[in-house]
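Here the structure comes first, spelled out in structure tokens, and everything after it is commentary.
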Amino acid sequence: MSKNKIFTLYKILYKTYGQQGWWPLINYDKKDVNSLDYHIGNYSFPKTESEVFEICLGAFLTQNVAFTSVVKSLHNLKTLNALTPQGIKNLDQESFKLAIKPSGYFNQKSKYILGFLHFFETLNGTTPTREALLGIKGIGEETAESILLYAYNQEEFVVDAYTKRVLFSLKLISEKSKYEEVKATMQEALESCIPKVQRIKVYQEYHALIVHHAKNHYSRKPYGKECMLHLFVY
DNA sequence: AACCAGGACGTGA
DNA sequence: TCACGTCATGGT
């Protein structure tokens with residue numbers, strides 16, 4: 001069909017599910033503690049330093065955990081006025097752990113986030129490098145990419161477990177492709193057919209679309225059983 | 001009642 | 001380098 005199957009896949013996902021509005025920010029004003037703002041179609045986010053920080057926190061908290069659990073933690077922190085570096089520092093460690101408890105791994109994550117706090121403040125509003133992020137305990141490749149792409153609007157494609165499953169199922173990568181390989185495969189394919197001014201929003205939507213689609217068809221084995229994309233991406 | 005969730009790290013081979 | 005155990009809560 002298309003010579004660029006990766007771009008074809010994007011177009012099909014976009015047409016099927018539409019804009020995803022990632023990265024969602026919590027909506028504390030609504031009483032519902034699960035309320036999120038997806039700012040669909042609006043790519044001028046994050047708007048404030050506080051929103052940048054919230055996305056970073058979410059990136060830590062969502063590691064190997066459902067995002068619905070992360071939302072609870074973020075609401076807890078907001079209630080404690082601790083969705084800012086200073087706000088968290090004003091908390092004692094036990095209160096902080098309790099607040100993020102719904103997201104699991106609270107002993108590790110609390111330590112990691114506290115370490116990140118210092119780094120975040122030294123940034124003073126500037127954009128961190130990928131290498132600097134990877135140097136921080138608790139930030140691996142995907143978390144670094146998520147922070148760069150969604151908190152700082154950098155042109156970095158986010159690869160997660162879903163991405164590998166979907167791409168492997170469609171035979172677009174090999175089974176044991178490593179993170180950097182998959183990322184390079186995606187970026188090279190997209191760079192060749194997407195104008196630079198649109199790449200960031202496409203990267204943001206693409207990753208979100210993969211997650212959305214994979215939740216339906218790639219969560220339980222056999223992966224991709226009921227996935228209709230096999231019919232199209234060839 | 002197992003299995004999965006928008007992973008990362010430490011360890012030993 | 002790589003496979004494997006660990007971290008922990010919550011939903012299905």
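In the text below, chain A, chain B and the rest are named by the order of the sequence lines, each starting its count at 1.
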task: Identify which nucleotide among C/dG10, B/dG7, B/dG6 has an atom closest to any side-chain atom of A/K215, counting heavy atoms from C-beta outward.
output: B/dG6
field: Given C/dG10, C/dA8, B/dG6, the nucleotide with the shortest approach to the side chain of A/K72
entry: C/dG10
Taking atom [atom2] of [N] as reference, at what distance in whole Å does atom [atom1] of [X] sit?
{"X": "A/N107", "N": "B/dC9", "atom1": "CG", "atom2": "C1'", "answer": "15 Å"}
{"X": "A/I136", "N": "B/dG7", "atom1": "CD1", "atom2": "C1'", "answer": "16 Å"}
{"X": "A/E145", "N": "B/dG7", "atom1": "CD", "atom2": "P", "answer": "14 Å"}
{"X": "A/L61", "N": "C/dC7", "atom1": "CG", "atom2": "C1'", "answer": "14 Å"}
{"X": "A/Y112", "N": "C/dC7", "atom1": "OH", "atom2": "P", "answer": "12 Å"}
{"X": "A/Y150", "N": "B/dG6", "atom1": "OH", "atom2": "P", "answer": "13 Å"}
{"X": "A/K221", "N": "B/dA2", "atom1": "NZ", "atom2": "P", "answer": "18 Å"}

Per-pair stack call A/W22 and B/dG6, 5.5 Å, 30°: yes
Would you mind classifying the nucleic acid contact of [X] as base, sugar-phosphate or nothing, using non-hydrogen atoms under 4.0 angstrom?
{"X": "A/E142", "result": "sugar-phosphate"}
{"X": "A/K137", "result": "sugar-phosphate"}
{"X": "A/I139", "result": "sugar-phosphate"}
{"X": "A/T143", "result": "sugar-phosphate"}
{"X": "A/G140", "result": "sugar-phosphate"}
{"X": "A/F67", "result": "base"}
{"X": "A/F106", "result": "sugar-phosphate"}
{"X": "A/K178", "result": "sugar-phosphate"}

- request: Nearest-nucleotide wise, let me know which of A/N64 and A/R220 is further upstream toward the 5' end of DNA chain C.
  value: A/N64
task: Using a cut-off of strictly less than 4.0 Å, decide whether A/S219 has a side-chain nitrogen or oxygen near OP1 or OP2 of B/dA5.
output: yes
- prompt: Is any side-chain N of the basic residue among A/E191 and A/K196 closer than 4.0 Å to the acidic one's carboxylate O?
  reply: no
task: Using ring-ring contact (aromatic ring centres under 6.0 Å, His included) as the criterion, point out the one residue from A/F106, A/Y105, A/F116 that pairs with A/F60.
output: A/F116
message: Against A/H213, only a single residue in A/Y17, A/Y162, A/Y206 fulfils ring-ring contact (aromatic ring centres under 6.0 Å, His included); can you say which?
response: A/Y17
field: Neighbour count above 12 (heavy atom, 6.0 Å) for A/K78 NZ
entry: no
